[in-house]
Each structure stands twice: as C-alpha cells, then as structure tokens.
Amino acid sequence: MDKAYDPKKVEERLYAEWLDKGYYRASTQSDKVPFTIVIPPPNVTGSLHIGHALDYTIQDILIRYKRMKGFDALWVPGMDHAGIATQMVVERELEKEGLSRIDIGKEAFLDRVWKWKEDSGGVIVEQLKRLGALPDWDKERFTLDENLSRAVRKVFVYLYDQGLIYKDKKLVNWDPKLRTAISDLEVEQKDVEGSLWHLMYPIKDGDSEFITVATTRPETMLGDTAVAVHPEDERYKRLIGKSVVLPLVGRVIPIIADEYSDPEKGSGAVKITPAHDFNDFEVGKRHNLSMINIFDETARMNEDVPTAYRGMDRFQARKRIVDDMQSLGLLAKVEKTSHTLPYGDRSDVVIEPWLTDQWYVDAKKLAARAISAVEDGDISFVPRYWENTYFEWLRNVEPWCISRQLWWGHQIPAWYGPDGQVFVAKSEEEALETAKDHYGNEVELIRDLDVLDTWFSSALWPFSTLGWPKLTPELKKYYPTSVLVTGFDIIFFWVARMIMQGIKFMGDVPFKDVYIHGLIRDEKGKKMSKTTGNVIDPLSVIEENGADALRFSLCALATQGRDIKLSMSTIQGYRNFINKIWNASRFLVMNLEGYDFSLPFAEEDLSNYDKWIITKLNYTIKEVQDSLDYYQFDKAASAIYQFIWVDYCNWYIEAVKPELYSGDERVKQKTRDVLIKVLTTSLQLLHPIAPFITEELYQRLREFGVTLNSVEGSDSESIVKSSFPEFNRDHIFEHGYREIEFVKGVVVGIRNLRATIRVHPSEQVRVVLLPENDVIREYIESNRELILNLATLSKFDIANSGEKPTRAIAQVNPGVEIFLPIEGLIDIEKESERIRREIGKITKELERAERKLASAGFLSQAPEGVVKKEKGKHEQLSFQKRKMLEVFEKLQELN
RNA sequence: GGGCGGUUAGCUCAGCGGGAGAGCGCUUGCCUUACAAGCAAGAUGUCACAGGUUCAAAUCCUGUACCGCCCACCA
C-alpha cells in the first residue's frame, strides 16, 4: 500500500463499479421497508457549487445509511428545466450571434434550448458522481419529461375546474428586462439611496393655488388620475372635491379623500397612479378612478403620454420630467432619502407594478391543510423553529401568479375561442371538443402563449417523478417520501408548495421530515459569490483532497440551525483524518501476511484492552446511529473521528503492538481478529460519510479473507451493500473498560512527568507507583506490561506507603501517586510552580464539591445518583489534594 | 414595524439543568519500523450583560446590548 491515500487512484474506478453492479437501485419487488428521498432538482443550467455539495452529501449519507440498515432506499435524481435561467442562457448565446429570440421565432428558439440542454445542460449530473452521490440513476427525471408535463396539465385543469386557478387582471410585478410577470417571491427588496421630489399641482380654478405631492417616482405622474388627502386633514379638507390640472399632461384629476393618505408622510397629499402602484390600485378601485397605463412591456413610455416623452426609458423620462417641472417652477423641493426598491431576483432590474392579465393560484385555500399537516406533526421541520417561518408565510399567503411571458416551460393548457371564451383542458383535442359543445359547431382555438412558473412543476416533484398521474408501483411504494433535505431559502418557493400540492393530489404529505441545512459561507462568514471571488469550488476541493475529505468536512460542519463557515484549512484537517484511516489499515495489512481467518477465538481470550476498545466501539455505534437518525450529522462525524483517531489508533493499536510481534500465535491470532473486526466495523460506520476510502480499504482487506455480512446474508462483496453495525449490549464490558480508563490515566501521568523534565523518549527511566489501596494495586499489577509499553518504561516499582522516593517529581491521579525519581538537580522553583498550579485546580473543584455536600437542600433534593457521584468525586479530590500537598512540602524540604 | 437565529478558548463551533469540551491554531519535546497529512505532553475561558426560578444555571424564564437572517411597509 502507498504511504498516503491517493483518492485519484480510487474514486473513479469505484464509482464505475457501483454503477456497473447496480448498487444504487431500489426495487418495488423488494419487501424491504422503503426509505425515499427525492433530490431537490438542480437547474439544468447549474454546475455543482458548494451548497449543492452539502445538500447532496447529506442525502447520500442518509441513503447509504438506510440502505445498510436494510431499507429499500430510493433516491430519485433529476433536474429542473429552470424557465427563466435557461432561457437567459440561450438568449445570451444568441446575442453573441447578433440575434434575439424574437428574430428566430418561438419554434426555432425552443429547438435551440433543447439542443443546448442536450449539449451542455446537466453537467451537474456528472459532477454529482464525482461527489460519490449514488442516487437511482434508472429513475432520473426532468421537469419537462412527457410524464411530468402530463402531471402539470392534469393539476392545472383540476385546480381550474375547482376555481383554485383563475385568470385575473390586476397589477403584477413586472420585470421589464425579462418582459414577464414574476411572483412576489421573485422580488427582492433592496435598500437604495434615492430622492423624494415634491411636485406642485395647480388647483383648477384656484387662484394660483397649489397642492404639493411627494414622490420617489416622478415619471409616474403621467399616469396620475387623482390626488388623495386624508378626510380629517385640516390642511386639505377644503380642497376635497376640487380638481387639479396635472402639469405636463393637462389632465384634470380630482382631489379625493381616502384614509390611505397619511398626513404624517410627505406633504400629506399623495398622487394616485392606479396602474403603477399597488396601494394606488386599491385606492383607484375604491374611487372608480381610471387606470392609465403609461409603460410598454420594457417600461418605456407608451402612446398614452404626451408626445415629448413617448418612447423614453423610465429613468430617462424621470430626469426629463423633473427638469420640465423645475422649469415650470413646479418643483417645490428635492430631498435625499433612502428607501427600498423592488428588484427582479434574476434580472436585477427595478420591478414595475404593471396592469396585465395573468393566471393565479388561490394559495390561501390550499394553505389551510398545508398548515395543519405541520401543526399536527404529519410533517416535522428539523430544526423545528423553521415551522414558524413556514406558518407565518402560509397564513398570510397571497395569490400566486403562475403565468410567465416566456417561451421555455410548460405552456399553459388554456385555449381561447373567437370571442375570447377560455377552454382549459389537458389537450388541444379536449379543448376543441369542449369548444364544439359550447359553440354548437367546430371553431378554431388559439392557445394561451404563456408558460407556467417553474415552481409550479417542481411543486409536483415528489409524486410526478414516481409516475403520477399513473398509479405506478413506485408511487404506491415510495410516496410519501421520507425526508426532504434542502436550504431555508426555498421553504416558500418550493417546500410549502410541494406540501400544498402533495396533500391536494395525493391526499397525503409529500414527506415526513424536512431537514433544513444552513448556507455555506466563507471563513469570514461572508456569502460566497463569484464576484467577491471567495467561492470554494467543490470540484477543485475533490481534485485536491478527494471527495471523502470534502464530504466528511461538510458532514462535520452540518450542525443544526447555523450557517456553515468553511475554509480550506478545515477541509485539509479532515483530509488528514481520511489519510489516518488509510495508514491504520496499512498497518494492519502489513501484519496480515499468512494469517488464517478460519481460526476462531473465544471471549475469554480477550484482554482488558480488547474489551475496552470493543466497548468503546459499541458506544460509538450507538452514538453514530442515534445521530444519523436525528439528523445530527456533526455528532456522527465527530464520534467516528474521535473513535478512529484517538481510541483506535492512538491507544488501541499502540497497546497491542507487542502482542502482534509476540511469538504466541494464539494471542497474535486473537489480536489480529480484534484489530480487523474493529477496523472493518469503523469503516462501515464511516461509509455513508466517506464512501470511497471505506470501500477501497474493504476491498483490500477482502483479499486477505476479511468479510462483512451484507443486508441479504453473509459475505458482502461491497461495503455499500454491507449491513450497518448494530449496538450490542453483550459487547459492553464495564469492568475491563473502567480498568483501562484508569490505566490510561496512569500512563498519561507518567508521560507528563517525563515531558516535564524532558527525558528523551528513548531514554529509560524508573518510575514508582504508590497505590491508595489493594484494588488499585491489583489494577496496576495486572496491567504492568501495558503500562510499561505505553509509557515506554523498562520497569516500574509498586511501592508501599512509607516508601516514597525522596528525590522525585510527582503527580497524583485518583487512587495513585506517581513518582519519577531524579538523579540530578530538580528545578525546584519551576516544579513548585507546576505543583502549585495543580493544587490550585484541584482546590477549586474540591471547594465546589464541598459546598454542594454541605448544602442540606442538595442532600435532600438531588437524585441519589448525583449525590453519590459528588461524594465519590469529593473523596478522589481530597486524596489528590492531600497527596499533592505532601509532595509540595517535600519539595520545599529539598530546597 | 413583525418574527427567527446567534453571542462559550486566539479562530471555527459542540454542549442546552448536576464535573467548562472538540477541531484548528499556539508552546515544548520527538523523523519511536502505519502515518511529520504524524506522535507525546502542555497552556488558554467573568460560557455577552442584568435580574429571576432552582438544592444546583453556560443550559430554564424575563429584560438589555450587539451581530446575522426572514417577512412587511415606506409619498
């Protein structure tokens, strides 16, 4: 074996093998209990970033874990067509050729998109493989697949028939760059510095009288149809009912009274532009105001504004209007102000409220059951506090605008007759059929040009990927899925909508748990972004350190309820851990030559440290299982890390080396067996997190005859299919465990003394141990060899009380005094300082124990076990303190 | 304006009613035949602050401060 682990020599080969052998497959034929995850489908335009890496690593860990636990584990992979994102990519491509989608037309454009998808879309799928993720590739889905599209149409028609989807003409968030409506969720509020312009509107027939309104968007004045004041506002009461002449336009518009007008804000009078402001729209409806649209779809001034401004961009028009108002002397003042503006999350341009016909989902009606599903515990969020966020949003949910004026996506299944009558149907044939009935004769229909919001189809993902609307065996077996793993940023976009649709169409929740992980940030806590240049690219991390190191890092950092700060040095630390396992295995392999696995050993052959490591292993198994069952990935990782590195490598292997090199074949046999058993079990515990190295090492050990049981039976050919270790109460050896823990303390004590006087490791020293009682004397006696070996001593003496060495440095452990006699001079000052510090520490703890034991309340009200423990602690501490004081006195005598 | 999360070692974070922990970093000594991507030993804390509950509080409650996020509003 190489001296260091080289992931490059391993990962690609093993992944190909897993594919080849079909380990990823779930099967409806199997009678195992299903465990299902559907992947949050990445955009077809996407490439793997570190956030994906976290999301998929967690899912792969769960799937691999459950598969080993004997579940029929299904992980459905797939991609999202990502309407806007994909259309933008292809449009940019066209732009380079000097073309626009309008130039080539819809048909040709869609052909281009599909071609793009075939050629360069979906690279993320290949990258998933680099990560070691092993979903069921046979079940890969795409949101525009025929069956998924069928599901979309069926859902649309059904909801339409129930009145839960409807068409409405009102203000929407209009993205003038993408030229489409977007939903509330796709609007980002940003703080910006702007101006507040106070405009003077002349009162009609008023003697050069003006009313002043304030606005941050002066260009919208061209669409003003009223000025509103508060009915109780004394300043303006007398003007109510009068009119103003809208400057630049000349339109006469009324001054109306409406509670919406806030006397505290601006001038107290507010211009009303019903076609371009959500609040004004409401005011307009209340007062029957006309709605004058002044923008075209790109937010340029249209034909309904004075000639001077026609065709102007909105910001150009703004400047011009302000200038014109100023020259007319109608600009009262300009204030600097900071306010928030709506931006499109994709286009990053300012959104305009625009009056259009759009399709809406009545989300409020669907929300009720989605709320109760979580309230009733049919779905649990992990961590739980996300439920509040979920409730808050759903309880105040607004109609969901689902139509998009794009080309790439699911075209809305609605057709219009000659008179504008709408026919919603699953197919054109059906629509024609219905239309024929309606009109009494055959007519031509025109299909709605809009497509659906991408999230409309992803909301169906948990059941559409399993075959719905067909009642497939997959749908029956794997729905509802077990857990959804995702980030908090799409709780509204996706999670809530899946729950609404799942309950509506399947009559059951789409998943039982929702594990919400944090966002990955850079080491300083900043969001990673390409423009800041602080991104960690998972693929180059894999290239440098291997997929296992990346996966283990992400797992170890995946604590609940916190964002993750990731740095390269952290990853390197875990890379070292992966390498450590490699070397421990290498050590074993070096000692396996000519070894016969067929010879069993009996439990009575086990030494106390065998029992100690087996006990530790069992506790670790329990810890790992419990942690994974409750999505505590960090705990699982650290339990394994601690066990393998500290317990197994640093203590057990070191303790066992002499036996391994001894001539006693029986002992050698036993030791190798324990070493191998513990290592392979550790590899299994680690496998869900670090699949490559564990498989590689298992394959190498198999060459020596090592085997693992598979979930189906004996001798698993791969660790992927091996059966996850189970906690075994019979393998908890309390006595041996405690004894070794004591011995470890003695060893550390001796090493500590050696380090204090800087004895060279190879230099042999004599040590005297003075046990407090016979039980401890026996412990020491029976572990003599172990102590000698681990503390690198040639011998030590066990003294009786009264036989303390006079010239020695000392250390007091619970139950035993440790002396290291010194030939030369002791640096009394330094040594005194060390002991003083020790005594100080002990004293502090002792005082606390004394205080507790002196409290009547504690003795009467604390549980018995706690009191007993406290007494034991007190006893130990007073022994340590007493003896340390003696040591200290002796030291002073030497002085 | 409403809500959520955080504040523990130099850094990153566990712990969430009964002995303040880990990793990294730091100090010291070691190339000890698995590993220097390593081994051994060590130092480091008003657990943000103020009250309260309790025999017992980093942990539970109330309030404050600061940091971060989400939602809503802004003429």
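Because the structure is a prediction, the values reported are computed rather than measured.
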* **Ionic contact status for A:Arg738 with A:Glu741, cut-off 4.0 Å** =>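 Looking at A:Glu741 and A:Arg738, the cut-off is not met.
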
Taking atom [atom2] of [N] as reference, at what distance in whole Å does atom [atom1] of [X] sit?
{"X": "A:Trp386", "N": "B:rC71", "atom1": "CH2", "atom2": "C1'", "answer": "12 Å"}
{"X": "A:Trp393", "N": "B:rC69", "atom1": "CH2", "atom2": "P", "answer": "22 Å"}
{"X": "A:Lys744", "N": "B:rA40", "atom1": "NZ", "atom2": "C1'", "answer": "14 Å"}

* Asked: Just by distance, do the side chain of A:Glu654 and the backbone of A:Trp651 share a donor-acceptor pair under 3.5 Å?
  ->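 Absent.
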
Has the side chain of [X] got a donor or acceptor atom sitting under 3.5 Å from an opposite partner on the base of [N]?
{"X": "A:Arg751", "N": "B:rA40", "answer": "no"}
{"X": "A:Lys580", "N": "B:rC35", "answer": "yes"}
{"X": "A:Gln632", "N": "B:rA14", "answer": "no"}

[X] has a side chain; which of [options] sits nearest to it?
{"X": "A:Arg586", "options": "B:rC30, B:rA75, B:rC35", "answer": "B:rC35"}
{"X": "A:Arg521", "options": "B:rA43, B:rG68, B:rA75", "answer": "B:rG68"}
{"X": "A:Lys3", "options": "B:rA14, B:rA36, B:rA40", "answer": "B:rA36"}
{"X": "A:Phe492", "options": "B:rA41, B:rC73, B:rC70", "answer": "B:rC70"}
{"X": "A:Met590", "options": "B:rA34, B:rU7, B:rA40", "answer": "B:rA34"}
{"X": "A:Ala214", "options": "B:rU28, B:rC69, B:rA75", "answer": "B:rA75"}
{"X": "A:Arg837", "options": "B:rA43, B:rG23, B:rC4", "answer": "B:rA43"}
{"X": "A:Ser261", "options": "B:rA75, B:rC30, B:rU8", "answer": "B:rA75"}

With rounding to the closest Å, how many angstrom separate the [atom1] atoms on [N] and [M]?
{"N": "B:rC66", "M": "B:rG23", "atom1": "P", "value": "35 Å"}
{"N": "B:rA40", "M": "B:rU32", "atom1": "P", "value": "14 Å"}
{"N": "B:rG42", "M": "B:rA34", "atom1": "C1'", "value": "26 Å"}

* Presence of A:Lys565 side-chain N/O under 4.0 Å of B:rC13 phosphate oxygens OP1/OP2 ->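 A:Lys565 to B:rC13 OP1/OP2: side-chain N or O found under 4.0 Å.
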
* Asked: What does A:Tyr641 touch in the nucleic acid at a heavy-atom separation under 4.0 angstrom: a base, only the sugar-phosphate, or nothing?
  ->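 Counting heavy atoms under 4.0 Å across all strands, the contact made by A:Tyr641 is with sugar-phosphate only.
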
* Classify the nucleic acid contact of A:Gly573 as base, sugar-phosphate or nothing, counting any heavy atom under 4.0 Å across all strands shown. =>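 Answer is nothing: A:Gly573 stays at 4.0 Å or more from every strand.
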
* Take A:Ser585 and A:Asn388, find for each the nucleotide of RNA chain B with the closest heavy atom, and name the residue whose nucleotide sits nearer the 5' end. =>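 It is A:Asn388 whose nearest nucleotide is closer to the 5' end.
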
* To do: Find which nucleotide of RNA chain B each of A:Thr756 and A:Asn579 is nearest to by heavy atoms, and output the residue with the more 5' nucleotide.
  =>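 Upstream on the strand: A:Asn579.
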
* Asked: Would the A:Phe633 and A:Tyr515 ring centres measure less than 6.0 Å apart?
  ->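 Ring centres of A:Tyr515 and A:Phe633 closer than 6.0 Å.
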
* Ring-ring centroid check A:Phe381 A:Tyr390, cutoff 6.0 Å ->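 Aromatic pair counts; centres sit under 6.0 Å.
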
* In terms of heavy-atom contacts, does NZ of A:Lys527 have more than 12 from other residues, nucleotides or ligands at under 6.0 Å? ->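 No, not enclosed.
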
